[in-house]
Structures are given as structure tokens and as C-alpha cells.
Student: 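If you scroll down you'll find the structure; I have some questions about it.
The model shown is predicted, which means the values in this text are computed figures rather than measured ones. The chains referred to below are lettered A, B, ... by the order of the sequence lines, with proteins before strands, and numbering in each begins at 1. The analysis underlying the following values was restricted to heavy atoms, covering all of them including side chains, and did not include hydrogens, waters or symmetry mates.
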Number of protein chains: 2
Amino acid sequence: MQDSQTSETPQKTIEETIVSGILSAKIRPGTRLSENQLATLFGVSRTRVREAMMRLETRGIVHVSPRRGWFVVEPSAEEAIAVYEARRVVEAGLLRSMRVLTDEGHKALDAHLNEEKGAMVAGDRQRLTYLMGDFHIRIAELSGNAIIVDILRDLTARTILISMLYQSEFHAAQSHDGHCRIFEAMRAGDFARAAELSIEHLDEVEMGLDLTARPDPLSELRSSLSLPPRTVSPTVRPKKPQLQRSN
Amino acid sequence: MQDSQTSETPQKTIEETIVSGILSAKIRPGTRLSENQLATLFGVSRTRVREAMMRLETRGIVHVSPRRGWFVVEPSAEEAIAVYEARRVVEAGLLRSMRVLTDEGHKALDAHLNEEKGAMVAGDRQRLTYLMGDFHIRIAELSGNAIIVDILRDLTARTILISMLYQSEFHAAQSHDGHCRIFEAMRAGDFARAAELSIEHLDEVEMGLDLTARPDPLSELRSSLSLPPRTVSPTVRPKKPQLQRSN
DNA sequence: TCTGGCTATCTTGCATACAAGACAGGAAAG
DNA sequence: CTTTCCTGTCTTGTATGCAAGATAGCCAGA
């Protein structure tokens with residue numbers, strides 16, 4: 001599931017590699033995405049890298065600072081609020097539109113929640129971040145509607161970027177509980193209740209953000225001093241002067 | 001509002017010109033979009049046209065047939081159903097999330113509904129198509145959430161393409177009534193009711209489609225015979241062998 | 001008349017070249 | 001020591017060139 005970035009370039013590998021890197025919290029907001037570096041990394045010319053960047057830009061995942069570079073978006077506080085609002089709208093609307101929980105759906109969600117629990121026990125924070133976002137995508141997949149899945153995947157990617165910017169501590173247990181409650185309501189066939197629970201769940205997560213913390217306002221200074229950007233955990237990153245910066 | 005396509009190219013004019021052309025039903029599904037023609041039309045090189053096409057492709061509005069060309073999408077019956085389902089999810093979720101109808105919102109919707117009525121009286125079908133789709137975008141704008149507006153704009157564009165493919169007759173009055181009822185519920189502050197009405201409204205429109213009609217299955221034959229594609233009304237179009245075709 | 005294949009042309013796919021702007025680092029002036 | 005300016009370097013923006021594939025039309029053969 002993450003064996004990408006090999007030498008082959010089947011078409012839109014660049015785009016999906018970056019998205020999945022964000023979904024699994026391996027790529028931080030503000031990360032610089034150099035056309036040249038990605039080109040050599042994927043063994044293609046800048047042309048195709050640019051195409052991927054354009055696509056990612058229309059998906060709201062990347063933005064370009066003219067003649068300066070491409071960067072993974074750093075959502076502002078207002079944008080963060082809008083993302084959560086959009087997610088409440090879409091997810092609650094989706095759950096309300098559901099009528100039955102199929103057996104396969106039941107199994108898929110159950111398996112997912114078990115994975116969440118396992119990751120919590122193992123304390124694998126990156127995997128937890130991925131799973132916490134993926135739960136909502138899984139629900140969308142139950143509808144069989146590719147459009148909704150795509151919408152929610154992009155919103156989830158942005159959500160993860162937001163949490164990396166504004167979330168000081170990771171309330172994994174709380175989120176997991178929220179997911180379980182939603183699952184319970186779905187199992188009971190009470191999708192209106194599930195919708196309300198999903199709104200509450202997203203509200204909880206949103207409330208856990210510290211939106212007063214500006215999105216790395218010192219990034220320029222930091223980069224000019226060659227300091228690691230936003231050291232978030234003992235996981236040191238100053239190994240190489242990696243591509244990192246914000247505008 | 002439609003003074004685009006002049007000689008100037010302020011950046012993403014190509015993309016927006018095509019989208020607004022679809023929203024106002026001036027561009028039919030299956031329309032061929034030649035990179036060269038667009039390039040000369042906008043006075044740029046193919047590079048920028050391609051960028052616009054890439055963006056439109058990720059928005060689900062255009063697709064490419066390898067080495068054959070770019071075409072405005074012709075949604076299949078399954079895709080059409082998915083689009084309507086996504087719209088029900090998003091619009092109902094949106095209305096349910098609303099709490100108040102501001103004065104400006106009231107005025108905007110009221111003005112819009114009057115425009116609808118005017119276009120119905122005038123019998124301006126293209127304008128009607130535009131207005132019927134725009135109503136839903138207007139509602140999204142009330143939320144002030146740009147993300148939701150973008151989502152609904154793209155879904156509306158696809159909806160219009162779908163209606164051009166599968167809608168034999170145009171029940172403008174019925175749609176207008178649906179809009180009025182939604183507006184009434186909003187005015188009354190009953191947003192849950194407005195959400196239900198919007199679902200009913202979309203159901204009605206979807207039921208008005210003839211999804212058994214395949215999306216122009218004879219297009220290849222038709223084009224090779226140089227016949228006008230899908231003559232939809234007395235508005236003849238065989239003036240010049242315009243760029244028209246499907247895959 | 002019909003069928004098969006060849007070629008000319010048109011399409012996109014992709015790489016590359018060059019231009020323009022932004023930035024960093026250093027030198028020179030105060 | 002501080003400030004200013006300049007220049008080299010690195011970034012994206014855009015155009016262009018070439019290649020590969022698809023298509024249409026024609027021509028030859030049955």
C-alpha cells in the first residue's frame with residue numbers, strides 16, 4: 001500500500017504518492033515540493049511533475065508561490081474551520097442518506113476499528129493518524145459513490161494537514177470512541193443518529209485544535225537558520241537539509 | 001458575466017471559460033476540446049491549455065482519450081446516478097447545517113427566483129438551464145464556505161451535462177416550484193424541512209431523466225457522416241463543421 | 001463492388017530550452 | 001559594525017520541438 005516511488009512511473013504516481021504521504025502524516029504542511037527534485041526522484045521531466053502539481057492544486061492540497069515554489073498547503077484558521085464545516089456537511093449528509101449497513105460494510109468497519117485499537121495499543125502515531133482519517137473514507141466507500149469518496153479523501157488530507165498545524169496533542173482514544181459510537185448507531189440502523197454523532201465527533205476534534213497558533217509564522221526565520229521546522233516529537237529530523245519550508 | 005475569451009489571458013481564463021460555458025449549457029457533452037484550437041483561440045501555447053485541461057480533468061468535467069483528444073465528459077447512467085446522489089448528500093447536509101437565513105441571503109435567493117421566473121416567461125432555455133443550476137450554488141454561497149461552493153459548482157456542471165444527455169424535456173416550472181418550496185422552508189427557519197425538500201427536488205429531476213438513452217451511442221457514426229450531434233431543438237447547428245465529437 | 005492495407009495527417013505525450021523573477025551571499029561604501 | 005547594492009544561483013512560467021499513436025482517405029487487388 002506504500003510501495004510507490006519506485007523507478008516506474010505508471011502515470012499519476014506522483015500525485016497519489018504525495019496524497020498518501022499526507023494521509024499517513026509523512027509529509028508536513030509547508031513542505032516544499034521542488035519540481036526538479038520530484039522530477040529526478042521519479043525519473044521524469046518537470047512537465048509531468050507540473051501536471052501532478054496542477055492537479056493537486058485544484059484538489060486544494062498544494063499551492064504555488066509564483067517563481068518561488070510549490071508547497072503543501074498550510075490552511076489558515078479560517079480555512080481549517082471551513083474544512084471541518086464541509087466535512088460535517090458531507091459526512092452527516094452521507095450517513096443520513098444511508099438506509100442499510102450491508103454485511104460487507106459491517107465487516108469492513110469492524111476490521112477498521114480493530115486496526116485502530118491495535119495501533120493505539122502499539123502507540124504508532126503515524127499509523128493512527130492515517131487510520132483516524134481513513135475511517136471516514138471507509139464510510140464513504142460503503143456508499144459505493146466514487147464522487148463522495150474523492151471529496152472526502154481530499155478533505156481528509158486537508159484535515160490531517162490542519163491537525164499537524166494546530167493540534168498540540170493527539171486525542172486518539174477520544175476519536176476512536178467517536179468512531180465506535182458512529183458504528184454502533186449504524187449497526188442499529190439509526191443513521192440519523194449516526195449523522196448527529198459524526199457531527200459531534202467532528203466538533204470534538206475541531207474543538208481540540210488550537211487555532212490561535214498561527215501556521216508556523218517563524219518558518220522563514222527557521223529555515224534561514226537551518227533549524228528543523230516544528231519539531232513535533234523526539235523524532236529528530238535534522239539528518240539532512242531536507243526539502244522543507246513554507247512561504 | 002460572459003465577456004470572457006477576449007484576447008487577454010489573465011491566468012486561468014481557459015478553465016473558467018469552459019466551466020461557465022457548460023454551466024450555461026453552451027457546451028455540450030462530448031464536445032471535443034482541441035489543444036491547438038484552444039491555444040490559438042486564447043493566444044497562448046499548448047502548455048497552458050494542457051494545464052487547464054488537467055485541472056478540468058481532476059474536476060471531473062473533461063476527460064482525455066489517449067492520443068485522440070480531450071472531450072467534455074459524457075456521464076454514463078451510473079455516473080449520472082452518482083452525481084445526483086452526491087448532490088443530495090451535500091445539499092441536504094448543507095441545508096441541515098444552516099441555522100439562520102440572513103437578510104442578504106433572503107434577498108439573494110428572492111432575486112434569483114425572480115430571475116428564474118423572468119427567464120421562464122421569456123422562454124430563454126439556455127438561461128433557464130443556467131439559473132436552475134445556479135440556484136443551488138447560491139444556497140452554497142450563503143454558507144460562506146468556498147469549499148462547498150466549489151464542490152457544488154462542479155457537481156452542477158456535471159448535472160447540466162447529464163441533463164443535456166438524458167433529459168428529453170425541460171420541466172422548468174417543476175424545478176422552479178421546487179426551488180420556491182425550499183426557499184419557503186428556509187424563510188420559515190425549518191432547515192430540516194428544506195433539506196428534505198431539496199432531496200425530493202433532486203429526486204424529481206433525476207426521475208425526469210431517461211437513463212436508458214445511451215449517451216449518444218451513434219456519435220462516431222454521426223460525426224463521420226458530418227451530421228449535427230443530437231439535434232435537441234429547432235436550433236440548427238450545422239452551420240460550420242464545428243468542433244464536436246465524442247469518443 | 002467490396003475488402004484490405006498503406007500513407008499522410010492530426011492528435012496528444014513528453015522533454016527540453018530559454019526567460020523572468022526571487023533570493024542569498026558577498027563586496028563595497030558609509 | 002551596519003547598510004546597501006549587485007551579482008550569481010535557483011526557482012517556476014511558457015513556448016517549442018519531436019516522437020508515438022490514432023485516424024481517415026486513398027489505392028490496389030480480388
Student: Indicate yes or no: does A/D134 engage A/R138 in a salt bridge with an N to O separation below 4.0 Å.
Tutor: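 Judged by the 4.0 Å cut-off on N to carboxylate O distance, A/D134 and A/R138 do form a salt bridge.
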Student: Rounded to the nearest Å, what distance is computed from the CE atom of residue B/M53 to the C1' atom of nucleotide D/dT14?
Tutor: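 Result: 17 Å.
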Student: Please confirm whether the backbone N or O of B/T17 pairs with a side-chain atom of B/S20, one donor and one acceptor, at under 3.5 Å?
Tutor: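 At least one qualifying donor-acceptor pair exists.
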Student: Ring centres under 6.0 Å, that's the criterion: do B/H136 and B/H201 meet it?
Tutor: yes
Student: Hey, where does DNA chain D pair up into stems, meaning at least three consecutive Watson-Crick or G-U pairs with distances under 3.5 Å?
Tutor: C:1-30 with D:1-30
Student: If the test is side chain to side chain contact (heavy atoms under 4.5 Å, CB included), which one of A/T129, A/L209, A/D210 qualifies with A/Q167?
Tutor: A/L209
Student: Mapping A/P66 and A/E51 onto DNA chain C by nearest heavy atom, which one lands closer to the 5' end?
Tutor: A/E51
Student: Could I get a table of every N or O pair under 3.5 Å where one atom is in the protein and the other is in nucleotides 17-20 of chain D?
Tutor:
unit_1, atom_1, unit_2, atom_2, d
D/dA20, N3, B/R67, NH1, 3.1

Student: I'd like to know if the side chain of B/D124 reaches the main chain of B/R127, judged simply by a donor and an acceptor atom lying under 3.5 Å from each other, with no hydrogens or angles considered.
Tutor: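 Flag set: sc B/D124 to bb B/R127 pair under 3.5 Å.
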Student: Quick check: does any side chain N or O of A/S34 sit under 3.5 Å from a backbone N or O of A/Q37, one acting as donor and the other as acceptor?
Tutor: yes
Student: Would you say A/R68 reaches C/dA22's phosphate, i.e. side-chain N/O to OP1/OP2 under 4.0 Å?
Tutor: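 The answer is no; no side-chain N or O of A/R68 sits under 4.0 Å from OP1 or OP2.
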Student: Rounded to the nearest 0.5 Å, what's the gap from CG on B/L161 to CD1 on B/I27? Could you check?
Tutor: 9.0 Å
Student: Measure the distance from CG on A/L33 to P on D/dT12 and round it to the nearest whole Å.
Tutor: 9 Å
Student: Of the nucleotides D/dA15, C/dT11, C/dC23, which has the atom closest to the B/S34 side chain?
Tutor: C/dT11
Student: Return the 5'-most residue of the pair A/G69, A/T47 with respect to DNA chain D, ranking by each residue's nearest nucleotide.
Tutor: A/G69
Student: As a test of reading the structure: which of C/dA22, C/dC14, D/dT12 is closest to the side chain of A/E35, going by heavy atoms?
Tutor: D/dT12
Student: Between A/D150 and A/R59, is there a side-chain N and carboxylate O pair less than 4.0 Å apart?
Tutor: no
Student: Nearest 0.5 Å, please: how far is CZ in A/R88 from CG in A/D203?
Tutor: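 Output value for this atom pair is 4.5 Å.
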Student: Mind calculating the distance between CH2 (A/W70) and P (C/dA22) to the nearest angstrom?
Tutor: 16 Å
Student: Give a yes/no on whether any side-chain N or O of A/S45 is located under 4.0 angstrom from OP1 or OP2 of C/dA15.
Tutor: yes
Student: In whole Å, what is the span from the CZ atom of B/F71 to the C1' atom of C/dT11?
Tutor: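 Rounded to whole Å, this separation is 9 Å.
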Student: Calculate the interatomic distance between A/R32 atom CZ and C/dA22 atom C1'; express it in whole Å.
Tutor: 10 Å
